[in-house]
Each structure stands twice: as structure tokens, then as C-alpha cells.
Amino acid sequence: IKSFYSSLSEEVEHGLMGKNEGISFGFPRLDNYVTLRKQTLYLLGGYTGSGKTTCADEIFVLNPFDYLKKTGKLEKLKIIYWSMERRKNFKLARWFSRRAFLDEGYKIPLKRLLGWVKKEERLTKDEHDLFLMYEDYFDELEHYVTILDGRQHPTSIRKYIREVMEGPVIDKKDGKEVRDSSKGMGRVHHLSEYHRVFEPNDEEMLILNIYDHAGKLRKEGKMTGEKQAIDSFSDDVSNYYRDFFGMANVIVSQFNRSI
């Protein structure tokens, strides 16, 4: 266990080397106050149709991806997107429309891209040819971003994240799980009966969970309502994923109209 001073000194030295600066959100004025960093929890809320998901995608996925690609540090980013409200292809279609507009100035709405229109309004040959040019972009994006669509309950999220961070379960001994840490993002050290620490393989790796949105969590077991599911999930996010594993987390929340 590091002493108080050595632990703080290490953090200060990392700051001097720029390791604590964080990743830009793509908005200079916002970056003056907050950036994307490890061991953080961001809450993004709004009413139905207010653009919560679009905002989350822009600020926490696409802009950081573009920023790290430009600076040559993409290998330091891993995003797990829990898309509990929208299916994956719906989200990817929006991301293509954004990229095509930024790169070429083309405005291709999602409904035309996915063919939710009459025949005469479908993609032109030029627009389709443009779409075909973006295979490499999506292949690279897929390497760093995992999208898991569909409603989840707290236990399924917890199991998945443990497998990512600690490695898959390969055996059980005396009722305890044995994991293959070589396939995880680090190793858990049991310093005492009451004290565990997680040692990441790469101190600079930023692993981000995005949960969209919390109201779509499924209750499980003896839970009598969604509030219990949200309470259990919130405890995991703050105490386990953020504080223990050092992950960054974004919770998208939908406001009730009665507020």
C-alpha cells in the first residue's frame, strides 16, 4: 500500500506530465470547466425529445473519438455504450449523418438513410456512394466503441463489466470465482479481508460506460419496482465502476413532466 505522500506525489507528477488533463469534449468553453477523465460520473438529464442521446453521443463518444484520432492516442480509449432505448443501427445511422455533413456538407436525414420514405425520396446514387466510403470509419469506430442495445438489469451490467475489467471466469474454488486476468484490463489485489484494490494494466487507459437511459433498467429478483433497480445500479456505478475500477461513467436520465 502506498503511503499518503507517495500516493499524492504520484498524482501530482502525473498532472505535471499532462496525464490528468482529460479528453476534450469538443467545446472549448466547456473544456475550461470539465473534461472527460477517469474515475468520474457525469449526469445528463432532460425531458422526452430534448436531445439527451444526441448530446451524449456528441460530447462523450464522437468528439472524444475525433480528438484522440487527431492526437494519435485512440488506443487509450474504450467505450461501452449501454443503449437501452434505441437499437444499435438507429444510433449508427445518426453517426453517419453527422460525419457526412462534417466531411462533405451532405445533409442525409436518418429516415432517408434507412429507407423510411417513399421510393422517390430514397438515397441517390451519389449519396449511396458516399455512404459506401465510410466502411473504414465504422470499422475503426467499432474497434474502440462497443454498443450493447436492449434493456438490462443491474446484475447483467455488473457481470459484463467485471468480465471486461477482471477477465472471464475460468473456474470456481471453494465457492469463489477464479478469473483469467490476462484477458481483463487489470488485476484485483486482496490486501486484507476488508481491503481490495484494482491495478490497471495501463494507467492511461480511459474506459467509459454510457447508460442511456437509467429509466429503462429492468427490475430483477425480489425488486418490486424500477426505483429499486435504479438504486442498485446507482450504487454500482458510483462505488464499484467509478471508485474501484476507475472507470468514467455517463448516466442519461429522463425527467418526469411533473417536475
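Just so it is clear, the structure is predicted and the values come from calculations on it, not from any experiment. For the single chain, residues carry numbers from 1 onward in sequence order.
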Between [X] and [Y] (side chain of the first, backbone of the second, donor and acceptor by atom type, cut-off under 3.5 Å), is there such a pair?
X	Y	result
R37	G22	no
N249	S238	no
S6	S3	yes
E166	R162	no
S156	H153	yes
E121	K118	no
R112	R122	yes
S97	P109	no
E220	T155	yes

In terms of ring plane angle, is the pair F198 and F244 parallel, tilted or perpendicular, where the classes change at 30° and 60°? tilted

Can you tell me how the ring of Y241 sits relative to the ring of F245, calling it parallel under 30°, perpendicular over 60° and tilted otherwise? parallel

So if you build clusters from Ile, Leu, Val, Met, Phe, Trp, Tyr with side-chain heavy-atom gaps below 4.5 Å, do [X] and [Y] land together?
X	Y	value
Y42	I79	yes
I80	V61	no
V145	M205	no
F101	F27	no
V164	F233	yes

Flag side-chain contact, heavy atom, 4.5 Å: [X] against [Y]:
X	Y	answer
Y106	D126	yes
T53	F90	no
R179	V188	no
H128	L132	yes
L130	I108	yes
K78	T146	yes
D235	D231	no
L217	E226	no

For residues [X] and [Y], report the shortest heavy-atom separation together with the two atoms involved.
X	Y	result
R158	S232	NH2-OG, 3.8 Å
L36	L206	O-CD1, 3.7 Å
P154	M223	CG-CE, 4.3 Å

Using 0.5 Å steps for rounding, measure from the [atom1] atom of [X] to the [atom2] atom of [Y].
X	Y	atom1	atom2	result
R99	L102	CZ	CG	5.0 Å
K69	Y144	NZ	OH	8.5 Å
H195	H189	NE2	NE2	11.5 Å
I157	Y160	CD1	OH	11.5 Å
T35	Y67	OG1	OH	9.0 Å
D31	I23	CG	CD1	11.0 Å

Residues forming a side-chain contact (heavy atoms from CB on, under 4.5 Å) with L92, sequence neighbours excluded: K88, N89, W95, F138, I147

Taking 4.0 angstrom as the limit, do [X] and [Y] come out as a salt bridge?
X	Y	result
D212	K52	no
R94	D57	no
K19	E203	no
E204	K73	no
R98	D66	yes

Could you check H213 against K216 for side chain to side chain contact (heavy atoms under 4.5 Å, CB included), going step by step and ending with a plain yes or no? CA-CA 6 Å; H213 60 80; K216 290 293 183 179; 3.7 Å; yes

For the rings on F60 and F25, is their centre-to-centre separation under 6.0 Å? yes

Show your reasoning for whether side chain to side chain contact (heavy atoms under 4.5 Å, CB included) applies to K219 and T224. CA-CA 7 Å; K219 62 182 181 180; T224 57; 6.0 Å; no

Are E140 and L74 close enough, and set up right, to give a side chain to side chain contact (heavy atoms under 4.5 Å, CB included), and what steps lead you there? CA-CA 10 Å; E140 186 173 36; L74 263 178; 3.7 Å; yes

